[in-house]
Amino acid sequence: MNRPDKRPGAGETALDAATLQIHHPYEPPPGFAAVVPAVHKASTVLFRNAAALRARSWKARDGYSYGLLGTPTTYTLEERIATLEGGKHCALTPSGLSAISLVNLALLQAGDEVLLPDNVYGPSRDQAQKLLAGFGISHALYDPLQPQTLRTALSPRTRLVWIEPPGSVTMEFPDIRALVEAAHSAGTLCALDNTWGAGVAFAPFELGVDVSIHALTKYPSGGGDVLMGAVVTRDASLGERILHVHSMLGLGVAANDCEIVLRSLPTMRMRYEAHDRAARDLATWLTTHPAVRHVLHPALPGAPGHENWRSHCSAAAGLFSLQFDLQFGHAEVDRFVDALQLFGLGVSWGGPMSLAVPYDLTAMRGPKAALQGPLVRLSIGLEAVDDLRADLAQALSAAFGS
Ligand SMILES: *Cc1c(COP(=O)(O)O)cnc(C)c1O
């Protein structure tokens, strides 16, 4: 089948039936078209002859070499994610975190420094502290709401600045343009974690970033059932650098996982807007609750970095965090989380089910951070918003008596 020149003819029955299960002459008629792209599965990729095998190329996405290095299915998903993000080149990775690792390993060497916002996604900070440090790559933190602290932190050793809008858990929205400008004025590349924006809320490359990573695990998957990441670039040589390291690290993604993401992408914008509407509705309502001290949602006036959100974004993800009245400690906050009926307890987000996670900011960010103590992050799913409101109301009343 793969070598039509050597294929046994329909009338040739010299081959055993077992052999024919492997070398079957049937080929379906060409020209089949459907709404969803085909799913191609392969570790081994076959070539027509020795010359084609020797001449194989894949880096320019103009051919195939090995399943790990790309199939029609992964190329198709790469193109769609690049389009979603407004970039040109995309590498798929087995998780959002591995997309972050890929950028770090592709762009940093011993002796270099990477700068992270102090509210960065926790595992990203761990990677800098516990893995990159061992490779001779140092890191420093800056305050994303104070671009001046980034300017001060930049040194001749800085090779990469990470931007995360908004910060994980505490949701501060930075002035992305100002951070990019500070990094570029020092000749440093900027990578942005675009998981929250998802290619819907704002266009990362229009704001000047060099690399955008996206945990496809979240809204692009939309089901809470797939782990995948993407690294997107606009610049061809930067895209090549990323792809080169991607191939050496062996970062493959499964065809059936690509299939799920390809199936979910066409509805992502509508889902994002529905998550956004419900989350803003509930967040606004919660600002009036007596037990709630702060609702951390970048689209709410008064939230940290709200002005930046307004100047950059046309939408917001369905995420926000609650800080409770200071008289309440972890015990009451845990009681609130345990009393919730419709919110699942678990990390990650982007699927249909609403989720809640209790955090201890003092342990996460250290005693000098602006926000301290217990906090609950809510991810608003696709349930009816009045059911979620009633559930939150009964859990607040059970935990805080108000
Ligand atoms: C979830 C998440 C990641 C990591 O994605 P995984 O697929 O879970 O590894 C990275 N960054 C942000 C902002 C996230 O929310």
Side-chain angles (χ1 to χ4, degrees), residues 77 81 85 90-105 114 116-128 131 144 160-174 176 179 190-202 204 209 211-232 246 249 251-254 257-258 260-261 264-265 268 271-272 275-276 279 296-298 305 309 313 316-321 344 346-351 353-357 359 364-365 375 377-381:
L77 183 53
I81 298 296
E85 298 263 345
C90 173
L92 299 173
T93 63
S95 65
L97 183 56
S98 60
I100 294 169
S101 319
L102 172 59
V103 173
N104 284 331
L105 295 177
V114 56
L116 309 173
D118 60 19
N119 54 8
V120 72
Y121 178 64
S124 189
R125 179 201 290 235
D126 275 356
Q127 182 174 114
L131 185 72
L160 180 64
V161 171
W162 277 98
I163 300 174
E164 191 177 320
S168 247
V169 184
T170 42
M171 309 299 290
E172 303 90 343
F173 207 98
I176 300 170
L179 297 176
C190 269
L192 181 139
D193 184 329
N194 197 24
T195 303
W196 178 93
V200 176
F202 62 92
V209 306
V211 181
S212 176
I213 76 100
H214 193 159
L216 306 181
T217 305
K218 308 290 171 54
Y219 290 125
S221 138
D225 54 356
V226 171
L227 289 156
M228 201 181 292
V231 178
V232 179
H246 182 265
L249 288 171
L251 300 175
V253 294
D257 288 345
C258 293
I260 291 174
V261 178
S264 297
L265 276 173
M268 192 186 73
R271 287 185 281 109
Y272 194 94
H275 288 289
D276 181 5
L296 303 168
H297 186 311
W309 174 82
C313 296
L319 285 182
F320 61 89
S321 294
V347 294
S348 204
W349 39 273
M353 185 189 287
S354 293
L355 300 172
V357 187
Y359 287 97
M364 276 170 75
R365 300 276 158 79
L375 175 149
R377 190 192 66 195
L378 299 178
S379 161
I380 303 305

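Atoms within each ligand, like the ligands themselves, are counted from 1 in listed order. It should be emphasised that the depicted structure is a prediction, and the values quoted were computed from it without experimental measurement. These values consider heavy atoms only, across backbone and side chains, with no hydrogens, waters or symmetry-generated copies.
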Using salt bridge (Lys or Arg N to Asp or Glu O under 4.0 Å) as the criterion, list what pairs up with Asp225, not counting sequence neighbours.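 With neighbours one apart ignored, the set is empty.
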
Can you sort out the partners of Asp118 under side-chain hydrogen bond (donor to acceptor under 3.5 Å, both in side chains), two or more places apart, ordered by chain and number?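 By the side-chain hydrogen bond (donor to acceptor under 3.5 Å, both in side chains) rule, Asp118 matches no residue at all.
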
Quick one: list whatever passes side-chain hydrogen bond (donor to acceptor under 3.5 Å, both in side chains) with Arg271, sequence neighbours left out.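 Applying side-chain hydrogen bond (donor to acceptor under 3.5 Å, both in side chains) to Arg271 gives Thr267.
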
Tabulating one pair per line, provide the atom names and distances (0.1 Å) for every N/O atom of ligand 1 that is less than 3.5 Å from a protein N/O atom.
residue  : atom   : partner : partner atom : Å
ligand 1 : 7 (O)  : Gly96   : N            : 2.7
ligand 1 : 7 (O)  : Thr217  : OG1          : 2.6
ligand 1 : 9 (O)  : Gly96   : N            : 3.2
ligand 1 : 9 (O)  : Leu97   : N            : 2.8
ligand 1 : 11 (N) : Asp193  : OD2          : 2.6
ligand 1 : 15 (O) : Lys218  : NZ           : 2.6

Can you tell me which residue among Tyr272, Phe320, Tyr219 is in a ring-ring contact (aromatic ring centres under 6.0 Å, His included) with Trp349?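 So, applying the ring-ring contact (aromatic ring centres under 6.0 Å, His included) to Trp349 and each of Tyr272, Phe320, Tyr219, only Tyr219 qualifies.
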
List the steps and the verdict of side-chain contact (heavy atoms from CB on, under 4.5 Å) for Ile260 and Met228. CA-CA 11 Å; Ile260 291 174; Met228 201 181 292; over 6 Å; no

So do the side chains of Asp193 and Ser124 get within less than 4.5 Å of each other, counting heavy atoms only? no

